[in-house]
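Some notes on the structure that comes next.
Just so it is clear, the values below take in all heavy atoms, side chains as well, and ignore hydrogens, waters and symmetry mates. None of the values given here were measured: they were computed from a predicted structure. So you know, we letter chains A, B, ... as the sequences are listed, proteins then strands, and number each from 1.
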2 protein chains.
Amino acid sequence: MMFSKACEYAIRAAIFLSANSGDGVLVGISDISSEIGAPKHFTAKILQVLTRKRLVSSQKGVNGGFYLDAVQKGRPVIDIVIAIDGDNIFKGCGLGLRECSEKEPCPLHHKFLAVRSGLTQLLTESTIGSLAHSLESGSSFLKKS
Amino acid sequence: MMFSKACEYAIRAAIFLSANSGDGVLVGISDISSEIGAPKHFTAKILQVLTRKRLVSSQKGVNGGFYLDAVQKGRPVIDIVIAIDGDNIFKGCGLGLRECSEKEPCPLHHKFLAVRSGLTQLLTESTIGSLAHSLESGSSFLKKS
DNA sequence: ATACTTAAAGACCTTTTTATCCTTTAACGA
DNA sequence: TCGTTAAAGGATAAAAAGGTCTTTAAGTAT
Ligand code: FES
Ligand code: FES
């Protein structure tokens, strides 16, 4: 698909954390993985990466877990995507040419730009927190019921 | 990226064939792969699939090779994508939920629809032949120079 | 202090994708 | 009809993605 599996899980985990954690309210890896319907250990590995990149906060020890602070909830989703999948989907050529450029464009280049910038815009203007709102109001979901 | 490597090669091969073959004018696998900058044997595999699905024509034996007839040149690029990668990118959930639906949408669903339908439209309205034109006129390319 | 809980880290395994090679089959020309 | 040629197809290999498990160490409560 569009994003790697790891990236899909990352976005879902981040949105879930935004809706269910905060300063002083932590969530453990078992809860996160089961609530977003993702493999536990794999999710842990992904959260490690996000934590190292400061997109997610964590606390070890008793009653430890993961959480998002106010700043992190305000981050655009594109930050998560780039942290996990890199920026190739936003900058690379859709037909796999070594680089996407105006000077030597592939046959799809011009039409592609519109779609790609639409995607970029969507992920830039959507913050993790804003997406979490629809989750909290029950109008969106993170796993099949 | 957006498409699998196999799919990228498939699209490039199809566009190249549209520009460089026709009834009576065949192109061999070595030419195709070198002109689109793709691994030879892998390209052969992919063309086998496209041939079996009648998106590409082939001729065995002496002076054999691959070609596209008029009808095949008129096919939309989306046919190639679906033949190789399936329709998940057009119908599946962007966050990897088991299914994309209005009833149980993921938090990105609504914004995603626009991007996805933009992509679908782009690939549906672009025929292989039409993309080949920009190649023939030298205003687009299929590999890094 | 220490015992316990939990995230961090990393080794390991499985599956899928990407890529190569080699044998078989079919078409065609001489 | 024989030999050449090129696609078809199967089998294999390497690499990347996806997923699991075990060990380590940080922090907390007691
Ligand atoms: S060159 Fe292919 S998308 Fe820009
Ligand atoms: S449910 Fe996620 S894109 Fe439609």
statement: Heavy-atom nearest nucleotide on DNA chain C taken for T43(B) and for G28(A); more 5' hit belongs to G28(A)
task: Hey, could you give me the CD1/CD1 distance between I84(B) and I11(B), rounded to the nearest 0.5 Å?
output: 9.0 Å
- prompt: Starting at CD of Q48(B) and ending at P of dA26(C), how long is that distance when rounded to a whole Å?
  reply: 14 Å
task: Look at the side-chain heavy atoms of Ile, Leu, Val, Met, Phe, Trp and Tyr, link any pair under 4.5 Å apart, and say whether I32(A) and Y9(A) land in one connected group.
output: yes
Residues in side-chain hydrogen bond (donor to acceptor under 3.5 Å, both in side chains) contact with S34(A), at least two apart in sequence or another chain: none
query: Nearest-Å distance, CG (D31(B)) to P (dT5(D))?
result: 15 Å
query: What pair of heavy atoms forms the shortest contact from F3(A) to E8(A), and how long is it?
result: O-OE2, 3.8 Å
- request: Starting at atom CD1 of I29(B), determine the distance to atom P of dC21(C), rounded to an integer number of angstrom.
  value: 15 Å
query: Do S33(B) side-chain atoms and S30(B) backbone N/O form a donor-acceptor pair below 3.5 Å?
result: yes
query: How many Å lie between CD1 on I46(A) and P on dT20(D), as a whole number?
result: 11 Å
task: Give the rounded distance in Å between these two atoms: CG of L50(A) and C1' of dA8(C).
output: 14 Å
S21(A) side chain to L68(A) backbone, donor-acceptor under 3.5 Å: yes
statement: Letter by letter from the 5' end, nucleotides 13-19 of chain C scores (B base, S sugar-phosphate only, - none; protein heavy atoms under 4.0 Å) -----SB
- request: Would you classify L47(A) as touching base, sugar-phosphate or nothing, given that sugar-phosphate means primed atoms plus P, OP1 and OP2, and contacts are heavy atoms under 4.0 Å?
  value: nothing
For residues 53-67 of chain A, tabulate all N or O donor-acceptor pairs below 3.5 Å that involve a side-chain atom, not counting sequence neighbours.
| unit_1 | atom_1 | unit_2 | atom_2 | d |
| --- | --- | --- | --- | --- |
| K53(A) | NZ | A83(A) | O | 3.4 |
| S57(A) | OG | Q72(A) | OE1 | 2.9 |
| S57(A) | OG | Q72(A) | NE2 | 3.0 |

Rounded distance (Å) that lies between atom C1' of dA8(C) and atom CG of L26(A): 16 Å
query: Is S117(B) reaching over with its side chain to a backbone N or O of A114(B), donor-acceptor style, under 3.5 angstrom?
result: yes
- request: Take the protein atom NZ of K40(B) and the nucleotide atom P of dC22(C), then report the distance between them rounded to whole Å.
  value: 13 Å
statement: Across all chains, not counting sequence neighbours, the side-chain contact (heavy atoms from CB on, under 4.5 Å) partners of T127(B) are S130(B)
field: Five-pair end axes of the helix from dA1(C)-dT30(D) to dA30(C)-dT1(D), angle between them (10°)
entry: 10°
task: Give, ordered by number, those residues of residues 52-70 of chain B having at least one heavy-atom distance below 4.0 Å to an atom of DNA chain D; if nothing qualifies, reply none.
output: R52(B), S58(B), Q59(B), K60(B), G61(B), V62(B), G64(B), G65(B), F66(B)
- prompt: Quick one: does V115(B)'s side chain get under 4.5 Å of M2(A)'s, heavy atoms only?
  reply: yes
message: Between S18(B) and K73(B) (side chain of the first, backbone of the second, donor and acceptor by atom type, cut-off under 3.5 Å), is there such a pair?
response: no
